[in-house]
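So the structure is just underneath, and the comments pick up after that.
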Number of protein chains: 2
Amino acid sequence: MRTAILTVGTEILFGQIVNTNAAWLSQQLNDLGYDVMYHYTVGDNPQRLHDLIELAFRDCDLILTTGGLGPTQDDLTKEVICETMGDHLIVHEPSVRALEERAKARGRVLTENNYKQANMPSRAMVLPNDAGTAPGFALESAEGGKWIMSMPGPPREMTRMFDLQIRPILQKWQDSVIHYRMIRCFGIGESQLETDLLPLIDGQTDPTIATYAKEGECSLRIASKRPTLEEASAAVDEMTAKVSEIVGEYIYSYDNEELVDVVGNLLKEKKISVACAESCTGGLFAGALTEVPGISAVFDRGIVTYSNQAKIDELGVNPATLEAFGAVSMETACEMASGLANVSGCDLCISVTGEAGPESSEGKPVGTIYVGLCYKGETHAVQIPMRNNGRSWNRKYAVLNMMAEIYKAVK
Amino acid sequence: MRTAILTVGTEILFGQIVNTNAAWLSQQLNDLGYDVMYHYTVGDNPQRLHDLIELAFRDCDLILTTGGLGPTQDDLTKEVICETMGDHLIVHEPSVRALEERAKARGRVLTENNYKQANMPSRAMVLPNDAGTAPGFALESAEGGKWIMSMPGPPREMTRMFDLQIRPILQKWQDSVIHYRMIRCFGIGESQLETDLLPLIDGQTDPTIATYAKEGECSLRIASKRPTLEEASAAVDEMTAKVSEIVGEYIYSYDNEELVDVVGNLLKEKKISVACAESCTGGLFAGALTEVPGISAVFDRGIVTYSNQAKIDELGVNPATLEAFGAVSMETACEMASGLANVSGCDLCISVTGEAGPESSEGKPVGTIYVGLCYKGETHAVQIPMRNNGRSWNRKYAVLNMMAEIYKAVK
C-alpha cells in the first residue's frame with residue numbers, strides 16, 4: 001500500500017527540531033512492506049494541510065500524520081482532517097474520562113483547552129494515548145478505501161501508539177510478510193564488512209543484505225519478503241548462517257540488541273558482580289549499564305574520579321603513578337581497576353581514563369583513552385584505537401569500548 | 001519570501017537516514033527572514049517530483065532542493081526541474097573541466113555517467129561544488145519571479161554551497177529581518193505556560209509568541225520580523241520583559257541554553273566545587289554534567305551507590321536509616337548528600353535515590369524519587385513531583401530535577 005507521512009509542526013519548519021518521527025515511521029512502514037512515497041511537513045495552517053492531504057491521496061491510500069493534536073489554539077490537524085475526510089468532531093467521552101483521570105492522578109486541574117484533545121472525528125477509531133494527553137485516531141474516507149491515522153508529535157508517545165495500536169492493523173492488511181534480522185557488530189568498519197560479505201551481497205535479491213554504520217559500530221540487515229512468515233524466516237536464518245561463517249567473530253548480537261544490553265544480561269545471567277571507575281566518561285558508563293532493568297542484582301557501585309585527588313582517595317591510586325605516567329596512562333587505568341576491586345570486592349571492575357577534549361590537560365593527544373579491567377584477580381589495560389571526533393563522541397565511544405572489553409572477558 | 005524545501009532521496013523514504021538537511025536549511029532560511037512553508041521528500045520519480053514542484057509554486061516563490069544531482073541513472077532532479085521550468089539541459093563546459101581536473105588530481109578516470117553531472121539548465125546560474133563532484137544551480141522560471149536553487153545531498157557539500165553561494169543571494173533579496181529568542185523554562189507545563197501568557201499571545205501579530213513542550217521542560221519562542229535588525233531586536237526585548245514579569249520564576253535561560261549548561265557554567269563562574277551521589281540515575285547526572293567542557297575545574301567526583309552496602313561504605317549512610325526509612329527516602333537522600341560532603345569536602349553535594357522502575361524494590365511506587373542537596377553546610381531533600389513514564393524517562397527527569405535543585409541553590 002502506498003503511504004505518505006505528514007508531519008505537522010511549525011518547530012520543524014523553523015528548523016528547531018529534526019524530523020526523526022518521519023525517519024522512524026519510514027523504517028517501520030518499509031519493514032511492514034508498505035511503500036513510503038512522500039514525507040511532507042507543514043505548519044498549523046488549515047488550507048495548506050488540506051491541500052497536502054488531497055495531493056497525497058492522488059497516489060497514496062494511507063497517510064500517517066504526527067503532531068498538531070495538542071491542546072493549544074494552533075493545533076488544527078484534527079479539524080482539517082475531519083473536513084477533508086467528510087466527517088465532523090464530537091466529544092469522545094472515554095477520552096474525556098481518560099484526561100480527567102490522568103489529571104486527577106497528577107493532582108492537576110484541567111484547563112479549558114485540555115478538553116479540546118478529547119474531541120474526535122465521529123467515525124474514527126480512537127487510539128488512546130497511555131503516555132500523554134492527546135489521543136490519536138484512524139479514520140477512513142467517506143467513500144472508503146483511503147485512510148488517515150493520526151498520532152501525537154512527541155516521539156515517546158508516537159512510537160508507543162504506533163507499536164501497540166497501528167502496527168497490528170497494518171500487519172493485518174498485508175498479504176506478504178517481510179521478516180528481517182538486524183545483526184550487530186563491533187570492531188569492524190562498514191567498508192570492510194561490506195567487502196567481506198560481497199560474495200553474499202552481489203546478485204542477491206531475496207534475502208537482501210544491507211550494511212549500516214552507526215556511531216562506532218555497524219549493523220547488518222538481512223531481510224526476506226515471502227508469502228508466509230515461515231518461509232521468510234527460514235530464508236533469513238539460512239543467510240544468517242552464511243554471514244556468521246564469514247564475520248562471526250565481530251558479531252555480538254543476532255537480535256539487534258545494544259551492546260550494553262548484551263553485556264548487562266551476561267553479567268546478570270552469570271551472576272558476576274561489577275563496579276566501575278570512570279574518569280573521562282564521567283559517569284556515562286555507569287549511566288548506560290544501569291539503564292538495563294534488574295542490573296541492581298549485580299551492579300554494586302560506580303565511582304567517577306574526575307580529580308587526581310578523587311583517584312587517590314576513592315581508589316587508592318598511587319600518587320607516584322600519577323606523577324610518573326600521568327592520569328591518562330595504561331598504569332593509572334590498571335591501578336584504578338585493581339584499586340576498585342579492593343574497595344568494592346566485586347568480581348569484575350572496569351576503569352577508564354583519557355583525554356575526551358576539547359583540550360588536552362596532560363599534553364597527550366585528545367582521543368587518547370585507556371580502559372582497565374580487573375577480573376578474577378587479573379588486571380590488564382588496553383589503549384582504545386580511536387580518532388578524536390569531538391568530546392561527546394569520544395566519551396560515547398570510550399563507553400562502547402568498555403562494554404566490548406567486558407564482553408570479551410565474560411562471554 | 002515564501003519558500004519550500006524539497007529533498008530528493010529514496011534513502012530518506014526508507015528511513016535509513018534522518019533528513020537533517022531540511023532542518024539545517026530551515027534554520028538558515030528563517031534566520032534570513034524567509035518563511036519556510038513546506039518540507040517535501042520524494043524519491044527519484046519524475047512525475048511525483050514534477051507534481052510537488054507545481055504544488056509548491058502555488059504559494060511559494062522559492063524552492064530549495066537537495067539531492068538527486070548525482071551521476072547515476074536514477075538521479076533525475078535536474079531533468080525534471082528543467083522540464084517544469086521550461087528550460088533544457090546543455091553541456092556546461094566549465095563544469096566539465098572542473099570534473100576532469102578533480103579526477104586528475106585524485107588519479108581517477110571519469111566514467112561516462114560522471115559527465116552527466118556537468119549538464120546544466122541553459123538559463124541557470126551554475127553553482128560550482130568545491131567539496132564534491134555535482135555542481136548546483138539557481139534557475140528562474142521562464143515567466144520570471146519563481147526560483148529553484150538545487151544543491152547536492154551530502155550535508156558537507158550542501159552546507160558549503162549554501163553558505164558561500166546561496167546565502168549571499170538570499171541576503172540581497174531581503175528587505176526585512178527576523179530576530180528571535182528562545183526562552184527555556186522548567187517546573188511549569190506547556191498548557192499552564194500558554195494559559196499564563198494568553199493575554200500576551202492573544203491578538204499579537206508581531207512579535208509572535210509560541211510555546212513548545214520538550215521532555216520534562218518547555219520553551220517559548222519570541223520572534224519579530226521588521227525592516228531592520230535593530231527594530232526586530234528591540235521588539236523581542238520588549239516582549240521578553242513582559243513575559244519575564246509573568247513567568248520569570250520558571251525561566252532558566254533567555255538564550256536557548258540547556259539546563260545542564262546553565263548549571264555547569266554557574267558552578268564554574270562561582271568556583272563552587274561539586275560532587276554527586278547517585279542511586280537510581282546510576283551515573284547519568286555525572287555523565288551529563290561532565291559533558292560541559294572545562295567542568296573538571298569544579299567537578300571533583302561522583303559516586304554511584306547502587307547497593308545499600310555501597311551507600312554505607314562510600315557515603316557513610318547509617319544502616320539504621322536504611323533499615324528504618326528504606327533506601328528510597330528523604331532521610332537517605334539527606335545522608336547521602338551530607339555523607340558525600342564529608343568524604344569529598346566539596347562546596348555542593350547533590351544526591352538522588354528513587355524507584356526508576358520497571359519494578360519497585362522496596363514497595364514504594366515506581367517514580368518515587370528524592371533529591372538531596374548539601375550546600376554551605378545546610379542539607380535538605382525534596383521529593384520530585386513526577387509521574388512514572390518508564391525507567392529511562394524517569395531517570396532523565398530525575399537528572400533534570402537535580403540540575404534544577406542546584407540552579408535554585410546557586411543562581
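Keep in mind that this is a model prediction, so the values were computed, not measured. Chain letters run A, B, ... following the sequence lines, proteins first, then strands; residues in each count from 1.
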* Taking A:Thr353 for its side chain and A:Ala327 for its backbone only, find out whether a donor-acceptor pair lies under 3.5 Å. =>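 Confirmed, A:Thr353 side chain pairs with A:Ala327 backbone.
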
* **Exam field: side chain A:Thr66 to backbone A:Pro152, donor-acceptor pair closer than 3.5 Å** =>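 The answer is no, because no donor-acceptor pair under 3.5 Å joins these two groups.
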
Contact between [X] and [Y] at the side-chain level, heavy atoms closer than 4.5 Å - yes or no?
X	Y	result
A:Thr208	A:Tyr180	no
A:Met336	A:Glu278	no
A:Cys280	A:Val352	yes

Residue part contacting chain A, namely of [X], when any heavy atom lies under 4.5 Å:
X	value
B:Asn256	neither
B:Asp300	both
B:Ser296	both
B:Arg395	side chain
B:Leu55	side chain
B:Tyr212	side chain
B:Thr281	backbone

Heavy-atom distance under 4.5 Å to chain B: side chain of [X], backbone, both or neither?
X	value
A:Arg160	neither
A:Asn114	side chain
A:Asp59	side chain

Minimum heavy-atom distance [X]-[Y], with the two atoms named:
X	Y	answer
A:Leu284	B:Gly287	CD2-CA, 3.6 Å
B:Ala286	A:Gly283	CB-CA, 4.3 Å
A:Val399	A:Ala288	CG1-CB, 4.3 Å
A:Asn129	A:Gly132	OD1-N, 2.8 Å

Option in [options] with maximal non-hydrogen atom pairs under 4.5 Å from chain A:
options	result
B:Val18, B:Leu13, B:Thr3	B:Leu13
B:Pro293, B:Ser344, B:Gly294	B:Pro293
B:Gln309, B:Arg221, B:Gln192	B:Arg221
B:Val292, B:Thr211, B:Ile17	B:Val292
B:Asn19, B:Val343, B:Ile303, B:Asn308	B:Ile303
B:Val304, B:Ile295, B:Asp35	B:Val304

* To do: Tell me the residues of residues 104-111 of chain A whose non-hydrogen atoms fall below 4.5 Å from those of chain B, in number order.
  =>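 Residues in range: A:Arg106, A:Arg108, A:Thr111.
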
* Would you please go through residues 4-12 of chain A and name the residues with a non-hydrogen atom below 4.5 Å from one of chain B, in numerical order? =>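 From residues 4-12 of chain A, the residues near chain B are A:Glu11, A:Ile12.
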
* A:Val366 vs A:Glu359, side-chain contact (heavy atoms from CB on, under 4.5 Å): CA-CA, chis, key distance, verdict -> CA-CA 7 Å; A:Val366 172; A:Glu359 267 141 49; 5.8 Å; no

Approximate separation, where rounding is to 0.5 Å, of [X] [atom1] and [Y] [atom2]:
X	Y	atom1	atom2	value
A:Leu52	A:Gln47	CG	CD	10.5 Å
B:Ile312	B:Ser307	CD1	OG	8.0 Å
B:Arg301	A:Leu315	CZ	CG	9.5 Å
B:Leu267	B:Cys346	CG	SG	10.5 Å

* Between B:Asn389 and B:Asn394, is any side-chain donor less than 3.5 angstrom from a side-chain acceptor? -> no

* Asked: Any chance the side chains of A:Glu314 and A:Thr305 put a donor and an acceptor closer than 3.5 Å?
  ->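 Their side chains do not contain a donor-acceptor pair, so the 3.5 Å distance test is not met.
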
* Basic-acidic side-chain contact under 4.0 Å: A:Arg391, B:Glu291 ->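 Judged by the 4.0 Å cut-off on N to carboxylate O distance, A:Arg391 and B:Glu291 do not form a salt bridge.
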
* Name the member of A:Pro358, A:Gly357, A:Ser392, A:Ala131 that forms the most heavy-atom pairs with chain B at distances under 4.5 Å. => A:Ser392

* Specify which of A:Arg48, A:His39, A:Glu112, A:Lys311 makes the most heavy-atom pairs with chain B at under 4.5 Å. =>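 Most heavy-atom pairs under 4.5 Å with chain B: A:His39.
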
* Quiz item: cation-pi between A:Arg2 and A:Tyr34, 6.0 Å / 45° ->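 Checked: cation-pi criterion not met.
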
* Flag if over 12 foreign heavy atoms under 6.0 Å of NZ, B:Lys396 -> no

* Structure fact -> Residues of residues 21-30 of chain B with a heavy atom under 4.5 Å from any heavy atom of chain A, in residue-number order, are B:Ala23, B:Ser26, B:Gln27, B:Asn30

* Scan residues 276-302 of chain B for pairs that pass ring pair (Phe, Tyr, Trp, His ring centres under 6.0 Å), counting only residues two or more places apart or in two chains. =>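 Listed once each, the pairs are A:Tyr306-B:Phe299.
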
